[in-house]
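Sharing a structure here in structure tokens format.
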Amino acid sequence: DWSSDVALPISIVFLLSALILAFILLLRSRTGFERILYVSLISTLIAAEIVLYAVYAGEEMYLDVALVFALLGFMDVQFFSVYLRRKGNL
């Protein structure tokens with residue numbers, strides 16, 4: 001099947017390159033808002049990578065892992081935003 005043999009590995013590589021670029025941008029960010037934005041982007045890209053790997057490997061368990069990771073990434077961004085707002089850097 002073309003989608004599982006060609007399209008999924010290519011999608012995984014593109015998402016991995018976007019993840020590396022987002023990590024570089026996170027390291028170069030100067031403001032707290034930019035850091036929150038890039039942390040959110042990285043957690044979303046990691047969850048998407050896990051979903052694509054789950055489809056590629058045919059393992060449904062990884063979909064649950066991706067869902068939990070996405071929820072933890074959302075909570076992480078919320079806590080980081082509250083921390084920066086209370087500190088006065090946001």
Side-chain angles (χ1 to χ4, degrees):
D1 191 347
W2 184 83
S3 64
S4 63
D5 292 338
V6 178
L8 283 175
I10 290 174
S11 300
I12 290 172
V13 168
F14 279 134
L15 279 178
L16 186 62
S17 63
L19 183 65
I20 292 169
L21 179 63
F23 188 72
I24 291 170
L25 289 172
L26 175 67
L27 293 177
R28 295 183 66 196
S29 64
R30 297 179 195 265
T31 64
F33 178 73
E34 288 178 350
R35 290 183 186 124
I36 291 172
L37 179 71
Y38 293 132
V39 165
S40 175
L41 177 63
I42 288 170
S43 66
T44 303
L45 287 172
I46 290 173
E49 282 278 348
I50 295 170
V51 168
L52 282 178
Y53 183 74
V55 171
Y56 183 72
E59 293 286 333
E60 294 179 9
M61 180 189 68
Y62 292 127
L63 295 175
D64 296 333
V65 172
L67 180 63
V68 169
F69 193 84
L71 289 173
L72 287 175
F74 173 76
M75 289 177 18
D76 179 40
V77 168
Q78 298 302 315
F79 291 139
F80 194 47
S81 298
V82 169
Y83 171 74
L84 286 179
R85 181 176 291 165
R86 287 185 182 167
K87 190 177 175 185
N89 291 342
L90 187 60

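The figures that follow rest on heavy atoms only: side chains count, while hydrogens, waters and symmetry mates do not. Sequence positions, counted from 1, serve as the residue numbers for this chain.
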Residues forming a ring-ring contact (aromatic ring centres under 6.0 Å, His included) with Phe69, sequence neighbours excluded | none

Please set out all donor-acceptor pairs under 3.5 angstrom arising from side-chain atoms of residues 40-58, sequence neighbours excluded.
| from | atom 1 | to | atom 2 | distance (Å) |
| --- | --- | --- | --- | --- |
| Ser43 | OG | Val39 | O | 3.4 |
| Ser43 | OG | Ser40 | O | 2.9 |
| Thr44 | OG1 | Ser40 | O | 2.9 |
| Glu49 | OE2 | Leu16 | N | 2.7 |

Rounded to the nearest 0.5 Å, how far apart are CG of Leu26 and CG of Leu21?
->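 Reported value, rounded in 0.5 Å steps: 11.5 Å.
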
Any residue meeting ring-ring contact (aromatic ring centres under 6.0 Å, His included) with Tyr38, in chain and number order, not counting sequence neighbours =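 Checked Tyr38 against ring-ring contact (aromatic ring centres under 6.0 Å, His included); zero matches.
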
Under a single-linkage definition using a 4.5 Å side-chain heavy-atom cutoff for Ile, Leu, Val, Met, Phe, Trp and Tyr, are Phe23 and Phe80 assigned to the same hydrophobic cluster?
->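 Hydrophobic grouping puts Phe23 with Phe80.
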
Roughly how far apart are Ile24 CD1 and Leu19 CG, rounded to 0.5 Å?
-> 10.0 Å

How far does CG of Leu67 sit from CG of Asp64, to the nearest 0.5 angstrom?
-> 7.0 Å

Spacing of OG belonging to Ser81 relative to CG belonging to Leu37, to within rounding of 0.5 Å | 10.5 Å

ILVMFWY cluster, Tyr83 and Phe79 together (side-chain gap under 4.5 Å) | no

Please report the shortest heavy-atom distance between Arg35 and Arg30, naming the atom on each side.
->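 Heavy atoms only, the tightest pair is NH2-O, 3.7 Å.
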
Following the transitive rule for hydrophobic clusters with a side-chain heavy-atom cut-off under 4.5 Å over Ile, Leu, Val, Met, Phe, Trp and Tyr, establish whether Leu63 and Val68 coincide in one cluster.
->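 No, Leu63 and Val68 fall in different hydrophobic clusters.
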
May I ask whether Leu8 and Met61 are part of the same hydrophobic cluster, defined by side-chain heavy atoms of I, L, V, M, F, W, Y residues being less than 4.5 angstrom apart, directly or through others?
-> yes

